[in-house]
Amino acid sequence: MHFDSKLPDVGTTIFTVMSRRALDENALNIGQGFPDYPVDPRLSQALVDVIAEGRNQYAPMEGVVELRAEIARKLETCYAQRFDPQTEITVTCGGTEALYDAIQAVVRAGDEVIIFEPAYDAYEPAVRLAGGRAIAIPLAPPRFGYDWDRVAAALSPRTRLIIINSPQNPSCSVADAADLDALAALLRDRPISVLADEVYEHVLYDGRRHASVLAHPELRLRSFAVFSFGKTLHATGWRVGYCIAPPDMTRELRRVHQFNTFSIASPLQHAIARYLTRHPDAWRGLADFFQAKRDLLAARLAGSGFEPVPSAGTYFQLVDYSALSGATDIDFADRLIREAKVATIPLSPFYKNPPSMSLLRLCIAKRDDTLEQAAAQLRAFAARI
Ligand code: GLN
């Protein structure tokens with residue numbers, strides 16, 4: 001039988017490819033975004049405890065009550081807004097499931113969805129599976145800022161959703177309050193929803209404050225906002241995220257969620273709820289924690305030929321290698337794995353039609369000695385070639 005792919009051009013994600021290559025080549029992996037240091041031992045102990053106490057059966061579809069209450073409390077602390085755990089908060093399998101559910105809930109055949117490139121890789125395939133079409137608008141390097149006039153020109157009667165991501169992966173840029181105002185003005189009186197990927201909400205640098213759609217009086221009413229305990233608690237493998245949306249949008253999201261993952265691992269939810277109850281400020285200090293790592297890596301790389309591009313947020317740092325090589329980013333990243341024994345993430349896979357670029361994304365959510373070792377290997381490689 002001839003089997004016809006629904007996503008013929010989609011390969012294995014660049015994150016998985018580079019992590020596999022790092023293992024094969026015995027390279028240091030500062031590509032895929034995950035910490036190489038342990039979670040808070042009090043969080044792991046909470047997980048051991050709740051399993052021993054028997055929290056091992058299905059959680060409610062929308063998330064365990066205690067966790068949704070903690071999420072509501074945290075949102076009120078961060079954004080001075082109240083959200084109803086019953087009707088506005090849904091726990092999902094990482095941020096990725098929330099993104100997928102929101103897209104399936106909103107996008108119909110023939111609809112258009114605005115995304116910004118370089119775009120996180122999960123958006124476009126989900127739009128296509130829903131029958132929609134992604135319209136990509138570039139963020140221009142090196143600042144990767146929004147051009148709202150271009151967005152205005154791209155809107156059509158078919159536009160149904162606009163996906164924003166701030167702090168932005170992989171460009172490390174952030175949207176400010178003026179960007180959200182511009183977006184709100186564009187969408188006023190149009191039947192367009194917003195999907196805001198805010199998983200790096202706590203990781204903004206140099207005193208910047210996160211502008212959340214949840215704190216914006218107009219955008220809040222038309223947005224799905226996606227968050228991640230993986231990022232906030234340094235536990236990406238737990239795959240626990242959540243989605244905040246007005247009740248009518250949450251109802252639709254849950255219609256998808258209940259037939260996608262149904263509910264999220266019960267002990268993980270109870271452990272996070274218990275941990276946040278006991279340590280409600282556990283997430284404070286993330287910006288300083290990662291900023292010190294960003295500065296350490298940038299200082300170690302300065303003058304090496306891997307030129308750090310200012311990072312405004314996320315737990316990544318871009319470097320420009322154009323002083324070292326004219327190779328494509330994919331080829332150069334591959335060479336770095338083989339010769340420098342360092343795995344990074346090239347930027348071109350985040351574009352449908354990649355411009356020629358010489359940027360690599362490095363993950364700074366690593367132990368200081370990992371970052372120092374990676375920088376030393378990159379410097380030594382640069383000095384050799
Ligand atoms: N969010 C992670 C990153 O940007 C990747 C997660 C994944 O591999 N799907 O590196």
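Indexing begins at 1, ligand by ligand and atom by atom, following the structure's order. Basis for what follows: all heavy atoms, side chains included, without hydrogens, waters or symmetry-related copies.
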Looking at Arg361, which atoms of ligand 1 are within less than 4.0 Å of one of its heavy atoms?
3 (C), 4 (O), 10 (O)
Enumerate the atoms of ligand 1 whose separation from the nearest heavy atom of Phe316 is less than 4.0 angstrom.
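In order of numbering, the contacting atoms are 3 (C), 4 (O), 10 (O).
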Check this for me - ligand 1, [X], N or O atoms closer than 3.5 angstrom, yes or no?
{"X": "Tyr120", "answer": "yes"}
{"X": "Asn169", "answer": "yes"}
{"X": "Thr13", "answer": "no"}
{"X": "Gly33", "answer": "yes"}

Parallel, tilted or perpendicular: which one describes the rings of Phe289 and Tyr37, with boundaries at 30° and 60°?
perpendicular
Please work out which of the three classes, parallel, tilted or perpendicular, describes the rings of Phe15 and Phe350, given edges at 30° and 60°.
tilted
Cation over ring face, Lys231 and Phe34, 6.0 Å, 45°:
no
Face-on cation placement of Arg220 at Phe83 ring, 6.0 Å and 45° thresholds:
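Yes, Arg220 lies over the aromatic ring of Phe83.
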Any idea which part of Met18 is under 4.0 Å from ligand 1, heavy-atom wise: side chain, backbone, both or neither?
neither
Side chain or backbone of Phe34 under 4.0 Å from ligand 1, or both, or neither, by non-hydrogen atoms?
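Looking at Phe34 and ligand 1, no heavy atom falls under 4.0 Å.
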Do Tyr205 and Phe290 have ring centroids that are under 6.0 Å from one another?
no
Is the closest basic N to carboxylate O distance between Glu76 and Arg73 below 4.0 Å?
no
Give a yes-or-no answer on whether the side chains of Asp329 and Ser348 include a donor-acceptor pair shorter than 3.5 Å.
yes
What protein heavy atom lies closest to atom 8 (O) of ligand 1? Include the residue and the distance to one decimal.
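The closest one turns out to be Gln32 NE2, 2.7 Å.
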